[in-house]
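Because the structure is a prediction, the values reported are computed rather than measured. Here is the naming used below: chain letters follow the sequence lines, and residue numbers restart at 1 for every chain.
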Amino acid sequence: MRERAADLLEWYDRHARQLPWRMPPGCGARPDPYRVWLSEVMLQQTTVAAVTSYFERFTTLWPTVEALAAARDEEVMGEWAGLGYYARARNLLKCARTVAEKGAFPRNRAELETLPGIGPYTSAAIAAIAFDASEVVVDGNVERVMARMFAVEDPLPGGKRVLREKAALLTPEARPGDYAQAVMDLGATVCTPKNPACGICPWMGYCQGRKAGIAADLPKTEPKKAKPVRFGVSYVGRRADGAWLLERRPARGLLGGMLGWPGAEWGDVAREAPPVAAAWREVGGEARHTFTHFHLRLDVRVADLPMEAVPAVGDFVPREAFRPSDLPTVMRKVFDLAHDTFDNI
DNA sequence: AAGGCGTGGCC
DNA sequence: TGGCCAAGCCT
């Protein structure tokens with residue numbers, strides 16, 4: 001097993017991707033725990049391509065955990081907009097404030113895991129990458145690589161325990177941070193979910209899945225449930241001075257803490273619920289969006305509102321303070337549909 | 001302990 | 001086009 005780790009590290013020394021949060025392989029210096037933590041949270045269920053620009057933006061605005069801890073909630077939520085899984089941003093702030101209070105990130109896995117937004121994977125990754133601890137780092141990539149290496153046919157998520165045991169067998173004492181990133185790089189670039197490039201894999205000779213000709217069919221997964229379709233109506237109102245009527249969503253649940261356009265709760269049928277009486281008009285088309293567990297179709301209504309309008313819900317955001325990039329993607333789609341129907345934006 | 005929780009790219 | 005999938009966590 002030691003030989004396999006060594007082979008992979010040799011591959012990593014030659015093929016490691018250069019990433020903004022990563023130290024070059026073999027480089028003696030440790031990366032900044034703040035940057036490791038921030039990148040790992042952003043990378044939860046999210047691709048490197050999607051994360052990179054957000055990481056650059058966050059570290060420019062907030063170079064240290066103390067700076068992030070001092071930021072306003074709304075500003076951080078606005079900068080996270082578009083990246084998804086917004087509970088991560090809420091937990092990010094809680095975690096930053098706890099760490100800033102303590103003075104530093106804890107250095108061991110167990111203590112890291114007590115922090116908000118840091119679970120079994122992220123705690124192990126931070127301990128290994130930032131603090132050189134020999135922790136077993138298991139994410140979706142590692143599960144896929146292990147399922148193929150050892151031809152594990154138990155379907156996920158049930159097979160997770162077995163795959164973790166396999167991962168533990170291979171984890172070395174030396175260079176645990178590089179090793180963890182190497183397995184994940186292997187999964188992201190060679191041992192991919194579809195069309196794995198077995199011919200160039202450093203573990204080709206060890207792979208039982210390849211030997212059995214079933215590598216590309218692993219890991220097996222339980223069948224997914226079909227997503228239901230939900231319907232709703234969104235109201236995009238602009239006051240005569242150019243201010244937009246927006247609503248801060250409750251801090252929990254779907255899109256929690258994010259800005260959005262007013263409207264009734266989404267359901268099996270679209271319910272009208274204008275935030276203020278006005279000459280609401282329809283726009284052509286509907287905003288379509290798919291969340292983790294349902295499809296959504298939103299009708300969009302627009303209206304020009306008088307200065308004396310007093311909405312039942314939401315608040316007017318001044319024209320110069322409104323940035324569409326502060327909106328979660330579904331709400332930005334609504335805005336894009338409404339946008340063309342207004343004059344002089 | 002299943003299910004809630006985003007989004008964009010790929011085929 | 002639509003379903004699948006990605007460096008998971010929380011309740």
Pick base, sugar-phosphate or nothing for [X], based on heavy-atom distances below 4.0 Å to the nucleic acid.
X	answer
A:Leu83	base
A:Arg249	nothing
A:Leu19	base
A:Val330	sugar-phosphate
A:Gly82	sugar-phosphate
A:Pro328	sugar-phosphate

### Message
Taking ring pair (Phe, Tyr, Trp, His ring centres under 6.0 Å) as the cut-off, I'd like each qualifying pair that reaches into residues 41-62 of chain A, sequence neighbours left out, listed once.
### Response
A:Trp21-A:Phe55, A:Phe58-A:Trp62, A:Phe58-A:Trp80
### Query
Is it true that a side-chain atom of A:Arg88 and a backbone atom of A:Gln44 form a donor plus acceptor pair closer than 3.5 Å?
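It does hold such a pair.
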### Message
Using a 3.5 Å distance criterion without hydrogens, assess whether the side chain of A:Arg148 forms a donor-acceptor pair with backbone atoms of A:Ala215.
### Response
yes
Apart from [X] itself, which Ile, Leu, Val, Met, Phe, Trp or Tyr residues share its cluster (side-chain heavy atoms under 4.5 Å, direct or through members)?
X	value
A:Tyr235	A:Val233, A:Leu245, A:Val276, A:Trp280, A:Leu305, A:Phe316
A:Val229	A:Phe231
A:Leu218	A:Ile214

### Query
Any idea how A:Phe342 and A:Trp244 line up, ring-wise: parallel (<30°), tilted (30 to 60°), or perpendicular (>60°)?
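Judged by the thresholds at 30° and 60°, the geometry between A:Phe342 and A:Trp244 is perpendicular.
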### Task
Hey, can you tell me if A:Phe294 and A:Phe291 have their rings parallel, tilted or perpendicular (30° and 60° cut-offs)?
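A:Phe294 and A:Phe291: tilted rings.
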### Query
Toward the 5' end of DNA chain B, which comes first, A:Ala49 or A:Arg88, by nearest nucleotide?
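Closest to the 5' end, via its nearest nucleotide, is A:Arg88.
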#### Entry: DNA chain B: 5'-proximal contact among A:Gly253 and A:Thr47 (nearest heavy atom)
A:Gly253
### Message
So, OP1 or OP2 of C:dC4: does either fall under 4.0 Å of a side-chain N or O from A:Lys227?
### Response
no
### Query
Is A:Arg144 near enough to C:dC5 that one of its side-chain N or O atoms lies under 4.0 angstrom from OP1 or OP2?
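Result: no.
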### Task
Walking along DNA chain B from 5' to 3', note the first and the last nucleotide with an atom under 4.0 Å from a heavy atom of chain A, and give both.
B:dG3 to B:dG8
Under 3.5 Å, which protein N or O atoms sit close to an N or O of nucleotides 8-11 of chain C? Give each pair with its distance.
{"from": "C:dG8", "atom 1": "OP1", "to": "A:Gly140", "atom 2": "N", "distance (Å)": "3.3"}
{"from": "C:dG8", "atom 1": "OP2", "to": "A:Gln45", "atom 2": "N", "distance (Å)": "2.6"}
{"from": "C:dG8", "atom 1": "OP2", "to": "A:Gln45", "atom 2": "NE2", "distance (Å)": "2.8"}
{"from": "C:dG8", "atom 1": "O5'", "to": "A:Gln45", "atom 2": "N", "distance (Å)": "3.3"}
{"from": "C:dG8", "atom 1": "O5'", "to": "A:Gln45", "atom 2": "NE2", "distance (Å)": "3.3"}
{"from": "C:dC9", "atom 1": "OP1", "to": "A:Gly119", "atom 2": "N", "distance (Å)": "2.8"}
{"from": "C:dC9", "atom 1": "OP1", "to": "A:Gly119", "atom 2": "O", "distance (Å)": "3.4"}
{"from": "C:dC9", "atom 1": "OP1", "to": "A:Thr122", "atom 2": "N", "distance (Å)": "3.0"}
{"from": "C:dC9", "atom 1": "OP1", "to": "A:Thr122", "atom 2": "OG1", "distance (Å)": "2.7"}
{"from": "C:dC9", "atom 1": "OP2", "to": "A:Pro120", "atom 2": "N", "distance (Å)": "3.4"}
{"from": "C:dC9", "atom 1": "OP2", "to": "A:Tyr121", "atom 2": "N", "distance (Å)": "3.3"}
{"from": "C:dC10", "atom 1": "OP1", "to": "A:Gly117", "atom 2": "N", "distance (Å)": "2.5"}

#### Entry: Nearest non-hydrogen partners of A:Pro193 and A:Arg144, listed with the distance
N-NE, 3.6 Å
